[in-house]
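As structure tokens, the structure follows; a few thoughts come after it.
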Amino acid sequence: MLFQHVAIAGLAHIDAPRRLTSDEIHARLKPTMDRLGIKANVLQDVAGVNERRLWDGEVLPSDAATLAGVKALADAGIDADRIGLLVNTSVSRDYLEPSTASIVAGNLRLGDECQNFDIANACLAFLNGMDVASRMIERGEIEYALVVDGETANLAYEKTIERLSREGVTAEQFRDEMATLTLGSGAAAMVLARAELVPGAPRYKGSVTRSATEWNHLCRGDVNHDRMVADGRMLMIEGVKLGQKTFAAARQALGWVVDELDEFVIHQVSKAHTQAFLKAFGISPKKVMTIFGEHGNIGPASVPIVLSKLREMGRLKKGTRVALLGIGSGLNCSMAEVVW
């Protein structure tokens, strides 16, 4: 998917306010870990997650996504009634129905002609949302689209720590649920627009996507959002393989040469996954800003959050070429380019 007429008109992120450290989690799980003979602080030593963010009180995914949407609209300097499409991409959701997108659209008072729906594709969904919106903009069906994501990990932490503290928990159960304790809360939103309406704005050039769905069993979260079981080792192995295949497609479709790209925004999973990706593609760590150490894995929100933070830090100058690399359980992988 290559685009000639799509630009990023607005971008925003929201950091959840409450910090939960890995030391605090380790202290609560110490009786279980002692019984199982686990001596290392796995969350810090292996995953590299020192802390993660949670919301204060009861914050629904739609609440978080709405906050980010308001901020992105303000950044774009447009009124809500100009949005022709709202896509919610959160893994977290308020209900099975209605769509979380409809709740966010109602909160933002979007017009009755604005299409709204959820896209669910694990941690890849925000990039998918960008592509769906960009296709509609490219064809002239709409002028502006809003892609949002609000992730809430509070319940997952409460229930997972409770389960892993029970007597009789096995080493296998402990290992399978550890990935849940790397999750983080946060929100992000992006306003995409027809480029002619926002001259000088960053351009969304397009993306490539590849899948390896024979590995859909490697990471599964239940519908109650309180439990996720993952095979972290195989996810990393097969994820890197799929990433290499996708990167080869990006080289051909987008003309990528690693040394010519200025920033790499990689989906934030853990230290081990990030190091594996950098090694596989020969990417300099200086070109990758990581946030998993302080924020954990914020799911599909992590890529736009990092992009927003890079802009906030002043690292995105006119003409900066930014590679967006996302991978989600399933397995699916997308790689995209933005030119600032």
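Between the side chains of Arg93 and Ser90, no donor N or O sits under 3.5 Å from an acceptor N or O. Arg52 and Tyr157 are linked by a side-chain donor-acceptor pair at a separation below 3.5 angstrom, with hydrogens and angles left out of the test. Looking only at atom types and distance, the side chain of Asp131 has a donor-acceptor partner in the side chain of Ser207 under 3.5 Å away. No side-chain N or O of Asn297 forms a donor-acceptor pair with one of Thr182 less than 3.5 Å apart.
Take Arg18 and apply the salt bridge (charged side-chain N to carboxylate O under 4.0 Å, His left out) test, not counting sequence neighbours, and it matches Asp56.
Taking the six-membered ring where the residue is Trp, Phe277 and Phe281 present perpendicular rings, their angle passing 60° and hence far from 30°. Phe247 and Phe264 have parallel rings, their planes meeting at less than 30° on a 0 to 90° scale where 60° marks the start of perpendicular.
A salt bridge is defined here as a Lys NZ or Arg NE, NH1 or NH2 lying under 4.0 Å from an Asp or Glu carboxylate O, and Glu24 with Arg28 fails to meet this definition. The pair Asp45-Lys39 does not count as a salt bridge, with every side-chain nitrogen at least 4.0 angstrom from each carboxylate oxygen. Checked for salt-bridge contact, Glu238 and Lys241 meet the test: a charged N lies under 4.0 Å from a carboxylate O.
In this structure, the separation between OG1 on Thr100 and CD on Glu97 is 11.5 Å, given to the nearest 0.5 Å. Here Asn332 contributes atom CG and Cys123 contributes atom SG; the two are 11.0 Å apart, rounded to the nearest 0.5 Å. Distance check, rounded to the nearest 0.5 Å: OG of Ser334 to CE of Met1 gives 6.5 Å. Taking OG from Ser302 and CD from Gln268, the interatomic distance works out to 6.0 Å, rounded to the nearest 0.5 Å. Taken from NE2 in His5 to CG in Leu197, the straight-line distance is 12.0 Å, to the nearest 0.5 Å. Atom OH in Tyr204 sits 6.5 Å away from atom CG in Leu324 (nearest 0.5 Å).
A heavy-atom distance below 4.5 Å is not found between the side chains of Val339 and Thr320. Side-chain contact between Glu151 and Ser185 is absent, with no heavy atoms from C-beta onward closer than 4.5 Å. Between Gln115 and Leu86 there is no side-chain heavy-atom pair separated by less than 4.5 Å. Annotation: side chain of Phe3 is in contact with side chain of Arg135 (closest heavy-atom distance under 4.5 Å). In this structure the side chain of Leu124 never reaches within 4.5 angstrom of the side chain of Ile327, judged on heavy atoms. The closest side-chain heavy-atom distance from Ile119 to Asn88 is not below 4.5 Å. Using a 4.5 Å heavy-atom cutoff, the side chains of Lys309 and Asp15 are in contact.
In the hydrophobic cluster analysis, where Ile, Leu, Val, Met, Phe, Trp and Tyr join through side-chain heavy atoms closer than 4.5 angstrom, Val338 is grouped together with Val265.
Considering Val87, Ile8, Asp75 as possible partners of Met190, the one that fulfils the side-chain contact (heavy atoms from CB on, under 4.5 Å) test is Ile8. When each of Val306, Val303, Leu325 is tested with Ile266 by the rule side-chain contact (heavy atoms from CB on, under 4.5 Å), just one qualifies, namely Leu325.
Not a single donor-acceptor pair under 3.5 Å links the side chain of Glu263 to the backbone N or O of Ala323. Using modelled atom types, no side-chain atom of Asp118 and backbone atom of Ser99 make a donor-acceptor pair closer than 3.5 Å. Side-chain atoms of Asp149 never come within 3.5 Å of backbone atoms of Pro300 as a donor-acceptor pair (strictly under, hydrogens ignored).
The salt bridge (Lys or Arg N to Asp or Glu O under 4.0 Å) analysis of residues 278-302, with sequence neighbours excluded, yields no pairs.
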